[in-house]
Amino acid sequence: MRSNHTATTPDSGQETAPGSGLVIVDKPQGFTSHDVVGKMRRLAQTRKVGHAGTLDPMATGVLVVGLNKATRLLTYIVGASKVYEATIRLGESTVTDDAEGDITQSRIAAAVTREDLDREIAKLTGDIFQVPSSVSAIKINGERAYKRVRSGEEVEIPARPVTIHRFEVHDVRRERAGKIVDVDVTVECSSGTYIRALARDLGAALDVGGHLTALRRTSVGPYDISGARTLEQLAEHVDYLPLADAARALFPNRELTEEETTELSFGRRIPRNESDETTAAFSPDGELVALLKNKGSKAVPEIVFEAH
């Protein structure tokens, strides 16, 4: 899937014009997603940089960053399913539902069995309603929830539907003479799912409390950790997935004729796509021309990309 291009960075002493594409960043712990975008603006020598889906500072792993024209793909990537590797600690609750917050309650989790764990995880799998963590970026009356919490307000966030496609246990470790139980899991979920909230809700269901101690995102839609680069690697070479390759991985594909390519370049409609989903349309030479959506008997361009 991955067909990388590289642009030499200013650090190497050579300046090259950045292309359009996606950078799959392996975000380090302690960096905000905004920090990564700022870093990539400098490394790629362009202001036109954005990301598809925030990762908490505590979390590591896949952060999809768009350069130049590829920023127009980010809206479509935000809604893609995600996969996470996480560690849930049972026996302690925190104010943030993760390890960055103060412990608010401790209970002995020694009585929790694997059968108890599997039973409650099954209840948190599939289509569920989830109340996001109160210390989240969700806006309540125009202000971020975490800001309201930090100012001492009580914040109530309504539950919303999410889908947990997979909630799989890999290891269960009993620490501190069994008082604490650490559970390593993989979670595959829909966009908008809070893994911190899953940890909180699992602990609450088991009546011992719980929070997240580690979180690593391993994939966002078709883009996974195998194609990710650290910031240190990107400081040497900005390794990116070119625009056309990024779109081929994300959408159903349509190969255009020369006539259809010309029509779309003027924003005109062409015959329907085979798929009713948003479809990436490519010119005979492999260039991404447009993103199309069926409307009636025609395919209508949602976005038309300018020629290189």
Side-chain angles (χ1 to χ4, degrees), residues 1-80 82-86 96 98-100 135-138 144 146-147 150 191-192 194-196 212 214-247 249-250 308:
M1 185 271 287
R2 191 174 182 89
S3 174
N4 293 1
H5 285 200
T6 60
T8 307
T9 70
D11 295 345
S12 68
Q14 300 178 38
E15 293 190 5
T16 62
S20 293
L22 298 179
V23 181
I24 315 304
V25 180
D26 185 349
K27 188 189 84 68
Q29 192 169 27
F31 273 63
T32 67
S33 300
H34 182 72
D35 291 337
V36 173
V37 167
K39 181 83 168 175
M40 288 309 307
R41 283 187 176 129
R42 185 180 69 81
L43 294 178
Q45 306 172 65
T46 178
R47 296 297 301 169
K48 201 166 184 182
V49 179
H51 70 79
T54 301
L55 263 182
D56 289 338
M58 186 191 89
T60 66
V62 174
L63 183 69
V64 180
V65 174
L67 304 180
N68 298 315
K69 295 177 190 176
T71 55
R72 304 177 80 183
L73 301 180
L74 297 178
T75 300
Y76 299 91
I77 300 169
V78 167
K82 318 290 195 302
V83 179
Y84 297 89
E85 304 289 336
T96 57
D98 64 19
E100 295 196 323
V135 186
S136 69
I138 291 173
R144 302 290 185 188
Y146 67 83
K147 290 185 177 179
R150 288 170 183 168
S191 178
Y194 282 80
I195 310 302
R196 285 182 289 161
L212 205 62
L215 183 65
R216 182 164 177 77
R217 188 157 68 191
T218 57
S219 75
V220 175
Y223 315 114
D224 63 37
I225 198 70
S226 67
R229 300 292 180 265
T230 65
L231 291 176
E232 289 78 14
Q233 290 171 323
L234 291 165
E236 295 294 326
H237 294 285
V238 178
D239 192 9
Y240 66 96
L241 190 63
L243 179 63
D245 293 338
L250 186 62
H308 296 311

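As the structure is a computational prediction, the values presented were derived from the model and not from experiment.
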Are the side chains of [Y] and [X] in contact, using a 4.5 Å heavy-atom criterion?
{"X": "L250", "Y": "P222", "value": "yes"}
{"X": "D239", "Y": "L234", "value": "yes"}
{"X": "D56", "Y": "Y194", "value": "no"}
{"X": "L63", "Y": "R217", "value": "yes"}

How close do S33 and G53 get, counting heavy atoms only, and between which atoms?
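So the minimum-distance heavy-atom pair works out to OG-O, 4.5 Å.
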Taking all atoms of both residues into account, what is the closest heavy-atom pair of L74 and G50, and its distance?
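Minimum heavy-atom separation between L74 and G50: CD1-C, 3.4 Å.
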Among residues two or more places apart or on two chains, list those pairs meeting ring pair (Phe, Tyr, Trp, His ring centres under 6.0 Å) that have a residue in residues 23-61.
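Sorted pair list comes back empty.
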Rounded to the nearest 0.5 Å, how far apart are [atom1] of [X] and [atom2] of [Y]?
{"X": "R42", "Y": "R47", "atom1": "CZ", "atom2": "CZ", "result": "12.5 Å"}
{"X": "M40", "Y": "T46", "atom1": "CE", "atom2": "OG1", "result": "10.0 Å"}
{"X": "L243", "Y": "L73", "atom1": "CG", "atom2": "CG", "result": "5.5 Å"}

Side chain to side chain contact (heavy atoms under 4.5 Å, CB included) partners of [X], counting only residues at least two apart:
{"X": "T75", "value": "none"}
{"X": "S219", "value": "V83, D224"}
{"X": "A86", "value": "V185, I195, L212, L215"}

Are any side-chain N or O atoms of [X] and backbone N or O atoms of [Y], one a donor and one an acceptor, separated by less than 3.5 Å?
{"X": "S191", "Y": "V78", "result": "yes"}
{"X": "Q29", "Y": "M58", "result": "yes"}
{"X": "R196", "Y": "T96", "result": "yes"}
{"X": "Y223", "Y": "A246", "result": "yes"}
{"X": "K48", "Y": "K69", "result": "no"}

Given the rule in the side chain to side chain contact (heavy atoms under 4.5 Å, CB included) test, do L22 and I77 qualify, once you have shown the distances and angles that lead to the verdict?
CA-CA 11 Å; L22 298 179; I77 300 169; 3.8 Å; yes
What residues form a salt bridge (Lys or Arg N to Asp or Glu O under 4.0 Å) with R216, not counting sequence neighbours?
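Partners of R216 by the salt bridge (Lys or Arg N to Asp or Glu O under 4.0 Å) criterion, ordered by chain and then number, come out as D26.
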Before giving the answer on side chain to side chain contact (heavy atoms under 4.5 Å, CB included), spell out for V238 and L67 the whole-Å C-alpha distance, their side-chain angles and the decisive distance to 0.1 Å.
CA-CA 11 Å; V238 178; L67 304 180; 4.2 Å; yes
Applying ring pair (Phe, Tyr, Trp, His ring centres under 6.0 Å), can you list everything that pairs with Y76, at least two apart in sequence or on another chain?
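Scan of Y76 (ring pair (Phe, Tyr, Trp, His ring centres under 6.0 Å), adjacent residues dropped) gives F251.
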Which residues share a side chain to side chain donor-acceptor pair (under 3.5 Å) with T32, sequence neighbours left out:
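Side chain to side chain donor-acceptor pair (under 3.5 Å) check on T32 returns D35.
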According to side chain to side chain donor-acceptor pair (under 3.5 Å), who are the partners of R72, at least two apart in sequence or on a separate chain?
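Per chain and number, R72 pairs via side chain to side chain donor-acceptor pair (under 3.5 Å) with no residue.
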Side chain to side chain contact (heavy atoms under 4.5 Å, CB included) between V65 and Y240: does it pass, once the steps are laid out?
CA-CA 9 Å; V65 174; Y240 66 96; over 6 Å; no
